[in-house]
Asker: 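Structure below; questions to follow.
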Amino acid sequence: MGRLDTLREFNLFSWMREERQSRKLTLVIVFIALLLDNMLLTVVVPIIPSYLYTVDDAVANMAKNHTTASPHTPSGTFHTIVSLYDNSVRVTSRGPMDSTPITLDQAQAVSLSTSALTPHNSTEPDCPKADDQLLNENVKVGLLFASKATVQLITNPFIGPLTNRIGYQIPMFAGFCIMFLSTIMFAFSSSYTLLFLARSLQGVGSSCSSVAGMGMLASVYTDDEERGNAIGIALGGLAMGVLLGPPFGSIMYEFVGKTAPFLILAVLAVLDGALQLFILQPSKIHLSSITFSFPGSICFANMAIAMLEPALPIWMMETMCPRKWQLGVAFLPASISYLIGTNIFGVLAHKMGRWLCSLIGMVLVGVSILCVPFAKDIYGLILPNFGVGFAIGMVDSSMMPIMGYLVDLRHVSVYGTVYAIADVAFCMGFALGPSAGGAIAKNIGFPWLMTIIGVVDILFAPLCYFLRSPPGREEKMVKRRERNSRHTLIMRHTLNGLSV
């Protein structure tokens, strides 16, 4: 009997060790999936406004030159030829006795033609004029950015129940495939329509990855404190994606080109897909009815940064005359602080109260957003953007574990639908934010846009108090205590057997 007991204890210990390793691998997969998803989400922030303005401006100039052209062009007139595929500027001259174009170098072109464009790789920053064409970019860019979250908003109600029927692995892998296709489309699309389609397609892939990923974590981390820590680490992947996306995109766009950053992300997505195939195993979990309260804090907190993404680069071009790479680097403080906030409050929120962290975070988001329009240069954006990112990190890292806790408290412990609801709230912020923000910035200006969303966040903050003591079912609490007691007895028995 002694040998049999020892063998059982050894098997129990091996099973527990394998379970811990499996949970860590699951956490790694979700971390990488959120990292790539949000890198693709934010890498377009500095690229799309500048790229669309460059294309539209070149098309407008060509149309203007075409309408003003005359068959009786005076001799010796210089003409600029602009290529949308390279950065060269050519000027041709036709004399009265010579019909051969004369190609001049770039320096001569600038000196001879007042309409010559600044080269793409010039050491001087491009300074668009604050005209109607630049202001109209607010609406186009806002709608394009909002398309992803809008499609994700529509898709989420279907992905949640789907994960409860077929498990989390298949939606995760489907999200990878769709994300890869969207990335390739971003790399090689040159029209607004194709870019809009790529952004919308990304919403479907993001819905699959985020809902399945969060549900997978909640299912393998059953302890409330461990779940909070794991979700905080996973949100660190989201934060790193938000952190690396804008500066990576702007620097690559400035010095390499539009295609390069998306091709790099496509390669990383393939590696993530291979990792999922080797590690994940299918699982099926069935769901009873699940409800969720107060998703508005997630929606309005993330709406603040959603409004900043399309509007801030255009406002900077109007008021600060920045370099292209600065359009993305301006988001760096918010990204870094989000990474810090999610990692700190993933642990700290459990001790001080997640409802309190959410309340403080909402107030801090509003105050920081109100300070953004007071910036006079890129350095003035550091502190407000840092506050925005840190506060959103507080809200996200506090609210995500609360959702799982409410399910444990009142329902069967399956999590696909509840995190679909959370993703719906997130998508509503990123759907309404860019679309409404672009229109508001065009009509009443960027400062008023920041004032509106800042005041909304501050006024919404007191509602987080109602999450202080969520109502639960007594029988659910009893079963939970019994399960924890059995787990404690198993651990004690295992440790005593090993010590002997």
Asker: Would S206 and D37 count as a side chain to side chain donor-acceptor pair (under 3.5 Å) here? Give the steps.
Answerer: CA-CA 6 Å; S206 181; D37 181 19; 2.7 Å; yes
Asker: Is the shortest side-chain heavy-atom distance between M394 and S358 below 4.5 Å?
Answerer: no
Asker: Ignoring hydrogens, what is the shortest heavy-atom contact between V365 and V388? Give both atom names and the distance.
Answerer: CG2-O, 4.3 Å
Asker: Nearest 0.5 angstrom please: L332 CG to I336 CD1, how far?
Answerer: 4.0 Å
Asker: Donor-acceptor pair, Y253 side chain versus P261 backbone, under 3.5 Å?
Answerer: no
Asker: I'd like to know whether CE of M428 has more than 12 heavy-atom contacts from other residues, nucleotides or ligands below 6.0 angstrom.
Answerer: no
Asker: With rounding to the nearest 0.5 Å, note down the distance linking CG in N138 to CG in L449.
Answerer: 9.0 Å
Asker: Atom CG of L356 and atom OG of S398: how far apart are they, to the nearest 0.5 Å?
Answerer: 9.0 Å
Asker: For the residue pair A306 and G429, what are the closest heavy atoms and their distance?
Answerer: CB-O, 3.6 Å
Asker: Any side-chain heavy atom of M399 sitting closer than 4.5 Å to one from I402?
Answerer: yes
Asker: So, is the end of the R199 side chain (NZ or CZ) under 6.0 Å from the ring centre of F145 and within 45° of the ring's axis?
Answerer: yes
Asker: Applying ring-ring contact (aromatic ring centres under 6.0 Å, His included) as the test, list every pair that has at least one member in residues 420-454; sequence neighbours left out.
Answerer: W315-F446, F426-F430
Asker: Atom OG1 in T193, atom CG in L197: separation rounded to 0.5 Å?
Answerer: 9.0 Å
Asker: Below 4.5 Å, heavy atoms only, C-beta onward: do F186 and I47 meet side chain to side chain?
Answerer: no
Asker: According to ring-ring contact (aromatic ring centres under 6.0 Å, His included), does anything in residues 322-347 pair up with another residue at least two apart or in another chain? List the pairs.
Answerer: F345-F390
Asker: Say you draw a straight line from CD1 of I369 to CE of M307; how long is it, rounded to the nearest 0.5 Å?
Answerer: 9.5 Å
Asker: Say you draw a straight line from CD1 of I392 to CE of M303; how long is it, rounded to the nearest 0.5 Å?
Answerer: 11.5 Å
Asker: I need the minimum non-hydrogen distance between L217 and A230, along with the two atoms involved.
Answerer: CD1-O, 4.2 Å
Asker: Does any part of the side chain of D457, heavy atoms only, come nearer than 4.5 Å to the side chain of F460, both counted from C-beta?
Answerer: no
Asker: Under the rule for salt bridge (Lys or Arg N to Asp or Glu O under 4.0 Å), what residues qualify as partners of K140, not counting sequence neighbours?
Answerer: D56
Asker: Which atoms form the tightest heavy-atom contact between A431 and P434, and what is the distance?
Answerer: O-CD, 3.9 Å
Asker: Does the side chain of L364 come within less than 4.5 Å of S368's, by heavy atoms?
Answerer: yes
Asker: Are K324 and S250 linked by a side-chain donor-acceptor pair shorter than 3.5 Å?
Answerer: no
Asker: Minimum heavy-atom separation for V372 and N385, please, with both atom names.
Answerer: CG2-OD1, 4.1 Å
Asker: If I compare all heavy atoms of A461 with all of L359, which pair ends up nearest, and what's the gap?
Answerer: O-CG, 3.5 Å
Asker: Answer whether the closest heavy-atom distance between the side chains of P401 and R354 falls below 4.5 Å.
Answerer: yes
Asker: Return yes if a side-chain donor-acceptor contact under 3.5 Å exists between Q152 and S207, otherwise no.
Answerer: no
